[in-house]
Structures are given as C-alpha cells and as structure tokens.
Amino acid sequence: VQLQAFGGGLVQAGDSMRLSCAASGRTEVMGWFRQVPGKAREFVAAINRSGGSTLYGDSVKGRFTISRDNAKNIVYLQMNTLKFEDTAVYYCASEESPGSFYWSDSAEYDSWGQGTQVTVSS
C-alpha cells in the first residue's frame, strides 16, 4: 500500500488544520506520527478499520481527532488549538494485516507516507 499525506503548512498558535492521508489500497489500523529533527518519532493517533476505536498520544488528547473514510481510503487528522510544540513533520502509516495491538509502536506499521510539514508560529 502506498500512502500520500496532504494538508501541511504554516499556521498560527490556536489555529486549526486538517491533514489527510490517501492510501492506494485496503488498510487496517491507520496511524499518524510526527518527528522533529534530532528527536525520535512520536506517536500522535491511530484508528482501527471500522473507526470504532481510536488511540491518542498524551500531548494531543482533547485537541486532535483522527477519522477515516474507507470508501475513499483516506484517513484524516483534525488538529485544533495548535501549539508551537506541534511543529513537526507528520507521517501517516498503515497496517495491512488485522490483529495488531501496539498501535503506538511505529514498528507495527507496514507502510509510511512521505511526511508533511506542519509549522505553528507562536
């Protein structure tokens, strides 16, 4: 499965932004991670195929919402009340086999998108 992320850019603190990730085929769990130069990749959010279960990183709980449209093979990340510390390259990732448990572990994912830069000015 190939993934392509869209929607990054420059916003001000307090603004909102929505990222999208289009998949070329069927996926199971979909996740978003982010990375700042010199730091480890950080788990942001994940969602199962039905959309009935989601998981969020502590730093984004209550501000970010992950959702998906399986008919279009797209996963979304709605980011509200953005903070300067949300600045990072955001990556979407997919698992193509069912039965995964460790959604926050990047090693669980089979495919990765190219990343999209999100910059939040303070």
Side-chain angles (χ1 to χ4, degrees):
V1 174
Q2 293 183 328
L3 304 175
Q4 187 167 9
F6 303 91
L10 173 65
V11 294
Q12 292 187 333
D15 285 352
S16 297
M17 175 183 286
R18 189 175 79 162
L19 303 182
S20 304
C21 176
S24 63
R26 178 187 172 94
T27 59
E28 295 293 327
V29 173
M30 294 288 293
W32 287 96
F33 291 76
R34 65 188 183 186
Q35 191 166 23
V36 175
K39 293 190 176 182
R41 193 164 290 190
E42 178 188 9
F43 171 72
V44 176
I47 186 169
N48 70 344
R49 177 162 179 81
S50 71
S53 293
T54 57
L55 181 69
Y56 294 93
D58 289 342
S59 60
V60 306
K61 281 180 184 177
R63 299 188 297 121
F64 290 12
T65 302
I66 189 170
S67 61
R68 66 189 294 165
D69 183 338
N70 289 336
K72 298 179 180 179
N73 286 336
I74 295 179
V75 64
Y76 303 99
L77 185 68
Q78 177 66 41
M79 305 184 292
N80 297 330
T81 318
L82 282 161
K83 303 177 181 180
F84 174 76
E85 49 265 39
D86 294 319
T87 297
V89 176
Y90 283 71
Y91 298 89
C92 59
S94 68
E95 299 183 22
E96 281 105 66
S97 301
S100 170
F101 295 99
Y102 304 108
W103 295 2
S104 62
D105 185 352
S106 61
E108 287 283 296
Y109 292 83
D110 302 307
S111 301
W112 291 82
Q114 83 284 9
T116 184
Q117 176 71 46
V118 173
T119 303
V120 184
S121 63
S122 58

Determine the minimum heavy-atom distance between A45 and L77, stating which atoms define it.
CB-CD1, 4.1 Å
Are L55 and I66 grouped together when hydrophobic residues (ILVMFWY) are joined by side-chain heavy atoms under 4.5 angstrom apart?
no
Under the 3.5 angstrom rule, does the side chain of R68 hit a backbone N or O of V29 as a donor-acceptor pair?
no
Verify same cluster id: V44, F84 (apolar side-chain graph, 4.5 Å):
no
Do the non-hydrogen side-chain atoms of E85 and S59 ever get within less than 4.5 Å of each other?
no
By the definition side-chain contact (heavy atoms from CB on, under 4.5 Å), identify the one residue from Y76, F6, W32 that meets it with L19.
W32
Non-hydrogen side-chain atoms of W103 and S53 separated by less than 4.5 Å:
yes
dist R18:CZ -> M79:CE (nearest 0.5 Å) comes out at 11.0 Å
If you compare all heavy atoms of F33 against all heavy atoms of R41, which two are closest, and at what distance to 0.1 Å?
CB-CG, 3.7 Å
Would you check if T65 and Y56 make a side-chain contact, meaning some heavy-atom pair closer than 4.5 Å?
yes
Do F64 and L82 touch side chain to side chain, with heavy atoms closer than 4.5 Å?
yes
Do L3 and Y109 sit in the same hydrophobic cluster, where Ile, Leu, Val, Met, Phe, Trp and Tyr count as joined when their side-chain heavy atoms come under 4.5 Å apart?
no
Backbone of Q2 reached by a side-chain donor or acceptor of S111 within 3.5 Å
no
Can any side-chain N or O of N70 pair as donor or acceptor with the backbone N or O of N73 at less than 3.5 Å?
no
Please give me the minimum heavy-atom distance between Q35 and K39, naming the atom from each residue.
NE2-O, 3.1 Å
When you compare the side chain of M17 with that of Y90, does any pair of heavy atoms fall below 4.5 Å?
no
When rounded to the nearest 0.5 angstrom, what distance separates OG in S121 from CD in Q12?
4.5 Å
Verify, without hydrogens or angle tests, whether Q114 (side chain) and A5 (backbone) share a donor-acceptor contact under 3.5 angstrom.
yes
Under 4.5 Å between side-chain heavy atoms, hopping through other hydrophobics if needed: is there a path connecting V118 to I74?
no
Do other residues, nucleotides or ligands put more than 12 heavy atoms under 6.0 Å from the CD atom of Q78?
yes
Is any NZ, NE, NH1 or NH2 atom of the basic residue among D86 and K83 found under 4.0 Å from an Asp or Glu carboxylate oxygen of the other?
no
Are side-chain heavy atoms of V60 and R34 found at a separation under 4.5 Å?
yes
Enter the distance from T54:OG1 to M30:CE here, rounded to the nearest 0.5 Å.
14.5 Å
Same apolar cluster: V36 and L10, side chain cutoff 4.5 Å:
no
Separation between OG (S104) and CD (E42), nearest 0.5 Å, reads 11.0 Å
Can any side-chain N or O of R49 pair as donor or acceptor with the backbone N or O of T27 at less than 3.5 Å?
yes
